[in-house]
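Each remark here refers to the structure printed beneath this line.
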Amino acid sequence: MPQVSMTVNGKAVSATVEGRTLLVQLLREQLGLTGTHVGCDTSQCGACVVHVDGKSVKSCTMLAVQANGAAVATIEGLATNGKLHPMQEAFRDNHGLQCGFCTPGMVMSALDLVKHNANPSETQVREWLEGNLCRCTGYHNIVKSIQAGAAAMRGAGR
Amino acid sequence: MYEFNYQRPKSLADAAKALKSAGDGGKLVAGGQTLIPTLKQRLAQPSDLIDLGGLKDLAGIKVEGGKVTIGALTTHAEVAHSAAVQKAIPALAALAEGIGDPQVRNRGTIGGSVANADPAADYPAGVVGLGATVHTNERTIAADQFFTGLFTTALKPGEIVTAVSFPVPQKAGYAKFPNPASRYCVVAVMAAKTADGVRVAVTGAGPSVFRVKEMEAALGKNWAPAAVDGIKVAPANLNQDIHASAEYRAHLVGVMARRAIEAAG
Ligand SMILES: Cc1cc2nc3c(=O)[nH]c(=O)nc-3n(C[C@H](O)[C@H](O)[C@H](O)COP(=O)(O)OP(=O)(O)OC[C@H]3O[C@@H](n4cnc5c(N)ncnc54)[C@H](O)[C@@H]3O)c2cc1C
Ligand code: FES
Ligand code: FES
């Protein structure tokens, strides 16, 4: 069976997987990182979004073997010393979640947007969230959260 | 997903060899944004999955000699964000930017998109509308000969797309009516004024991308949005599904053609 090695949230990990093991299965089932969710399994909802080599991807639509050698970042890696990342803080402050199922994917997707565009407009945030579905909030507060998170990151020079 | 034997060749020659020796059970994977969902639904059962991801030479964009050449493994996001593509063929950058969502664009590749030949995919309109050439490990195939039908292309078993080269047009515009849920094309049109004449290619409407010769002739005489007014496409052979009737798609061809020409300026 294939062996994979990668860094996950900065830590080196190795695992034995099947060819067909999805990246999200490796993260959740083998590494115990259950912050990354599986909402649809049809590549549409974005609950499973993580970063691979700095880019947001759907971890349910990538094989674990395809991430061999990569740097993977998940929601668990954002907080430092028990302090939430400004984007997480912004979701809390702006009521950007209700059940919270979509939130890890929303936050990881938002952080990829901010990398390209430090000050996104409402329209740009809404367009960027094309691949992230939320069944609860109606998106309004998610958009507000992301703009507030981006502003906090600009302020903190991140 | 059924189990398969995963291979990650380091060279194009090795990939071709692996694909040939796997025979009917061999399948290439590039970005996986079409194939992995298909495997998850058990709609395909390859014995060997051959990952092109290690072939770094197949990714990248070159602009030279009046052509934009895009390596097969180049992602939709790379095409959309490429300053060189935005400058040479802005309509092609816009097409790539409109595919799916950011995460699909970060993984999905041009080679996978053209090889897959989904009737609702964006790239077929770009490839045919701009008169591109598809390069494989064995030969080159002109756009007009490449797409042969519903999910079918001129590729032979074991053939690997290596790049697509687009001649830089004088003008080109792309307009898409996306399905609001999936973002695939209900109908989309690439219209281009090229050194070899005007080309109008339609995706989403029929089983495979097609050109509208009557619009091309009218635009050849007068490159203006109004030139396509009144030119109708017959609904007889168009797609019909829960998203749109054939008549509606036929109507959208005219609307999207007009918008494509407006976008081209
Ligand atoms: C949610 C979602 C929304 C999407 N929306 C759109 C959209 O709006 N418009 C659109 O056009 N597409 C859309 N797509 C499809 C997306 O663009 C895919 O990336 C693309 O169709 C396939 O590219 P890939 O690199 O992912 O190929 P893969 O999934 O890896 O492969 C697809 C097929 O091509 C073959 N293949 C791959 N590379 C090669 C090669 N170099 N040579 C020969 N054969 C090859 C594979 O064997 C397989 O049969 C969407 C996908 C998803 C999941
Ligand atoms: S679980 Fe990956 S997109 Fe829904
Ligand atoms: S908060 Fe419940 S799905 Fe988004």
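Residue numbers start from 1 in every chain, and the chains themselves are labelled A, B, ... in the order their sequence lines are given, proteins ahead of strands.
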Candidate list A:R20, A:M1, A:Q66, test side-chain contact (heavy atoms from CB on, under 4.5 Å), partner B:Y6, passing option: A:Q66
Does atom NZ of B:K87 have more than 12 heavy-atom neighbours from other groups under 6.0 Å away? no
Using non-hydrogen atoms only, which part of A:L113 is less than 4.5 Å away from chain B: side chain, backbone, both, or neither? neither
In the structure I gave you, are the side-chain heavy atoms of A:S56 and B:N106 within less than 4.5 Å of one another anywhere? yes
Side chain, backbone, both or neither: which part of A:N68 has a heavy atom under 4.5 Å from chain B? neither
What part of B:A77 lies closer than 4.5 angstrom to a heavy atom of chain A: side chain, backbone, both or neither? neither
Shortest non-hydrogen contact from A:T61 toward B:G32: CG2-O, 3.7 Å
Give, as side chain, backbone, both or neither, the part of A:V65 having an atom under 4.5 angstrom from any heavy atom of chain B. both
Can you find a pair of side-chain heavy atoms, one from B:R107 and one from A:V52, that are under 4.5 Å apart? no
Any heavy-atom pair between the side chains of A:C60 and B:K40 that's under 4.5 Å? yes
Any donor-acceptor pair under 3.5 Å linking the side-chain atoms of A:S109 with those of B:Q103? yes
Test item: B:T75 and A:K55 side chains (from C-beta on) under 4.5 Å apart, heavy atoms: no
